[in-house]
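Before any comments, here is the structure.
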Amino acid sequence: MGSGTPYFIPLEEAIEITLKRRLSPDSEVISIDEAFHRILSESLSARTNDPPFDNSAMDGFAVNYIESKNPPNKFKISNTITAGNKFDNSIVSGEAARIMTGAPIPEGADSIIPIEACEVDEENETVTLNHESKPHFIRKKGENFTENEILLKTGTLLTPEKTSLCAAMGHNKIKVFKPLKVAIISTGDELRLPGEVLQKGEIYESNTFGLSGLVKWLGHEPVRFSSVVDNLDKLRETLDAAATKCDLIITSGGVSMGDRDFVRKIMEDEGEIDFWRIKVRPGSPPLFGAWNDTPIFGLPGNPVSSHVVFRVLVAPYLRASTSGGGLEEKRVRVQLAEPFKTSPTDLILRRIVIDTSGENLLAYSTGYQGSGNLNSLVLADGLTLLEPGHSGEKDTWCDALLL
Ligand code: AMP
Ligand code: MG
């Protein structure tokens, strides 16, 4: 690492530096069947009005509103109009058309009376309305959206409801970003796969599973590598393979100051480091740079740290690579319901439960905040963004990132 390499820098500065190595994934056209959880690489406009024609919101009768005033009123039943009816239907004065939900409104009608408010005679020839009819029971052409209206922008992650909207707009093929392949590599002699029997001094490797989930959540493809022992040759081999196979590399562990922090060591000697360490707690040790021209995030090994640093550092990078796409970052303003430990220099990311029952959103600590305590993260609704110098006193306010 050169003497000019940025060291121990604020988070915003670190994000800016990562963006210089922003990725530009290609696009591909997919069927709407495959669209869920993909990220749009072009804006989508409607191919139709929604609804495409005035139609009934109720099963009932379509009538002329003025004629239905001052009930009870008797009408001659003209015909029956079902959803999907393709004819040009009309009624004249004194007539009512039996109509189903979603069926087109006949000419001459401008309101609907639901079936519950009607009495039909035994011959099925006349209907008596017990109430006046309601114009707002007609769903008007284009009331939801109009043809050519842009409804979904580039970078939109297609949630279930947005996938339905694509279909309602008339799209069967959708242009999306190709997922980035993200290598996820854990390091450490002490790591064993869950399910194996732990020997003395060993722990279960947990980081790569959560990090893979975060990558998928952002709409990309994790490639989980087997954990690498603390050995420079093994690490080099794995990083080389990852750089060949993947667009981005994420490692966990081995980036602190220790003699056996081999990710930092190998990056110093053989890689490119753009910065090392950021002013956040937990999770200050990360580094960023490139290995064989492939961007690499070296995340800390502590399980909570690797996760929160992904949320605040890697997620903005991945979102920027897909025009803002992927897991949205939602921030809220919370009031501290208890005092929190803060720092004059670091952004403090405490795991909090947010009580939404009162007028203000209240933030409580999830309990013991050790950076190895995954449960403190599991219990959390959000992370505080306590700025450097914040007093952390009870009743003061800060931003929080929703998890
Ligand atoms: P390191 O950054 O390698 O010094 O690791 C910091 C702490 O996190 C150590 O206690 C490691 O045992 C632990 N750790 C590192 N990697 C993982 C992992 N993949 N899963 C669970 N714990 C880990
Ligand atoms: Mg280690």
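Positions are given from 1 along the sequence.
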- [ ] Kindly indicate whether the side chain of Asn55, heavy atoms from C-beta on, has any atom under 4.5 Å from the side chain of Phe53.
- [x] yes
Task: Partner of Cys398 by side-chain contact (heavy atoms from CB on, under 4.5 Å), out of Leu386, Thr342, Leu385 - done: Leu386
Open item on the list: Strictly distance-based, threshold 3.5 Å: is any side-chain N or O of Thr156 a donor or acceptor partner for the main-chain N or O of Leu158?
Closed with: no
- [ ] Ignoring hydrogens and angles, tell me if any N or O in the side chain of Glu34 forms a donor-acceptor pair with the backbone of Ser31 under 3.5 Å.
- [x] no
Open item on the list: Using every non-hydrogen atom in the two residues, find where Ile352 and Ala363 come nearest and quote the distance to one decimal.
Closed with: CD1-CB, 3.8 Å
Open item on the list: Can you confirm whether Lys216 is buried at NZ, in the sense that more than 12 heavy atoms of other residues, nucleotides or ligands lie under 6.0 Å from that atom?
Closed with: no
Open item on the list: Within this structure, what is the CD1-CD distance for the pair Ile203 and Glu205, rounded to the nearest 0.5 Å?
Closed with: 8.5 Å
Task: Of all pairs that satisfy side chain to side chain donor-acceptor pair (under 3.5 Å), the ones with a partner from residues 230-242, not counting sequence neighbours - done: Asp233-Arg236, Arg236-Glu270, Asp240-Trp291, Asp240-Asn292
Open item on the list: Between Asp381 (side chain only) and Val353 (backbone N and O only), is there a donor and an acceptor less than 3.5 Å apart?
Closed with: no
Task: side chain to side chain donor-acceptor pair (under 3.5 Å) pairs, two or more places apart, involving residues 393-403 - done: Arg333-Asp399
Open item on the list: Here's a test for you: under side-chain contact (heavy atoms from CB on, under 4.5 Å), which of Leu152, Leu157, Thr154 qualifies with Leu40?
Closed with: Leu152
TODO: Kindly indicate whether the side chain of Ile112, heavy atoms from C-beta on, has any atom under 4.5 Å from the side chain of Ile105.
DONE: yes
TODO: Provide the closest heavy-atom pair for Pro6 versus Asp274 in the form atom of the first, atom of the second, distance.
DONE: CD-O, 3.0 Å
Open item on the list: Testing Lys178, Arg38, Lys173 one by one against Glu28 for a salt bridge (Lys or Arg N to Asp or Glu O under 4.0 Å), which residue passes?
Closed with: Arg38
TODO: Assess the side chains of Ser284 and Arg277: does a donor N or O sit below 3.5 Å from an acceptor N or O?
DONE: yes
Open item on the list: One pair to check against salt bridge (Lys or Arg N to Asp or Glu O under 4.0 Å): Glu338 and Arg350. What are the steps and the verdict?
Closed with: CA-CA 12 Å; Glu338 57 185 278; Arg350 296 275 176 245; over 6 Å; no
Open item on the list: Checking Asn373 against Arg351 for the side-chain hydrogen bond (donor to acceptor under 3.5 Å, both in side chains) test, could you report, in this order, the C-alpha distance in whole Å, the side-chain angles of both residues, the deciding distance, and whether it holds?
Closed with: CA-CA 11 Å; Asn373 182 18; Arg351 284 126 272 159; over 6 Å; no
- [ ] Can you see which heavy atom on Ile250 is nearest to which on Val182, and at what distance?
- [x] CD1-CG1, 3.6 Å
TODO: Using atom types as modelled and distance alone, determine if a side-chain donor or acceptor of Thr101 lies under 3.5 Å from a backbone N or O of Asp59.
DONE: yes
Open item on the list: So does Gly367 get a backbone contact from the side chain of Gln369, meaning a donor-acceptor N/O pair under 3.5 Å?
Closed with: yes
Open item on the list: Please check: side-chain N/O of His307 versus main-chain N/O of Leu374, any donor-acceptor pairing under 3.5 Å?
Closed with: no
Task: Sidechain-backbone polar pair: Glu107 side chain, Asp88 backbone, donor-acceptor under 3.5 Å - done: no
TODO: Search all heavy atoms of Leu377 against all heavy atoms of Leu403 and return the closest pair with its distance.
DONE: CD1-CD1, 3.9 Å
Task: For the student: nearest non-hydrogen atoms of Val127 and Phe61, plus distance - done: CG2-CE1, 3.7 Å
TODO: Provide the full list of side chain to side chain donor-acceptor pair (under 3.5 Å) pairs with a residue in residues 8-17, sequence neighbours left out, each pair given once.
DONE: none
TODO: Look at atom NZ of Lys279 and say whether more than 12 heavy atoms of other residues, nucleotides or ligands are closer to it than 6.0 Å.
DONE: yes
Open item on the list: Please find the pair of heavy atoms, one from Ile17 and one from Phe275, that lie closest to each other, and give the distance.
Closed with: CG2-CD2, 3.7 Å
Task: Any donor-acceptor pair under 3.5 Å from Asp261 side chain to Arg264 backbone - done: no
Task: Val229 backbone acceptor or donor facing Asp189 side chain under 3.5 Å - done: no
TODO: Let me know which of Ser186, Ser305, Ser252 forms a side-chain hydrogen bond (donor to acceptor under 3.5 Å, both in side chains) with Asn207.
DONE: Ser252
- [ ] For atom NZ of Lys265, decide whether the heavy atoms of other residues, nucleotides or ligands shown that lie under 6.0 angstrom number more than 12.
- [x] yes
Task: CD1 on Ile348 to CZ on Arg281, rounded to 0.5 Å - done: 5.0 Å
Open item on the list: Can you tell me how the ring of Tyr317 sits relative to the ring of Phe297, calling it parallel under 30°, perpendicular over 60° and tilted otherwise?
Closed with: perpendicular
- [ ] Give, for atom CD1 of Ile184 and atom CZ of Phe310, the distance between the pair rounded to the nearest 0.5 Å.
- [x] 7.0 Å
Task: Under 3.5 Å: donor-acceptor pair, side chain of Ser111, backbone of Ser133 - done: no
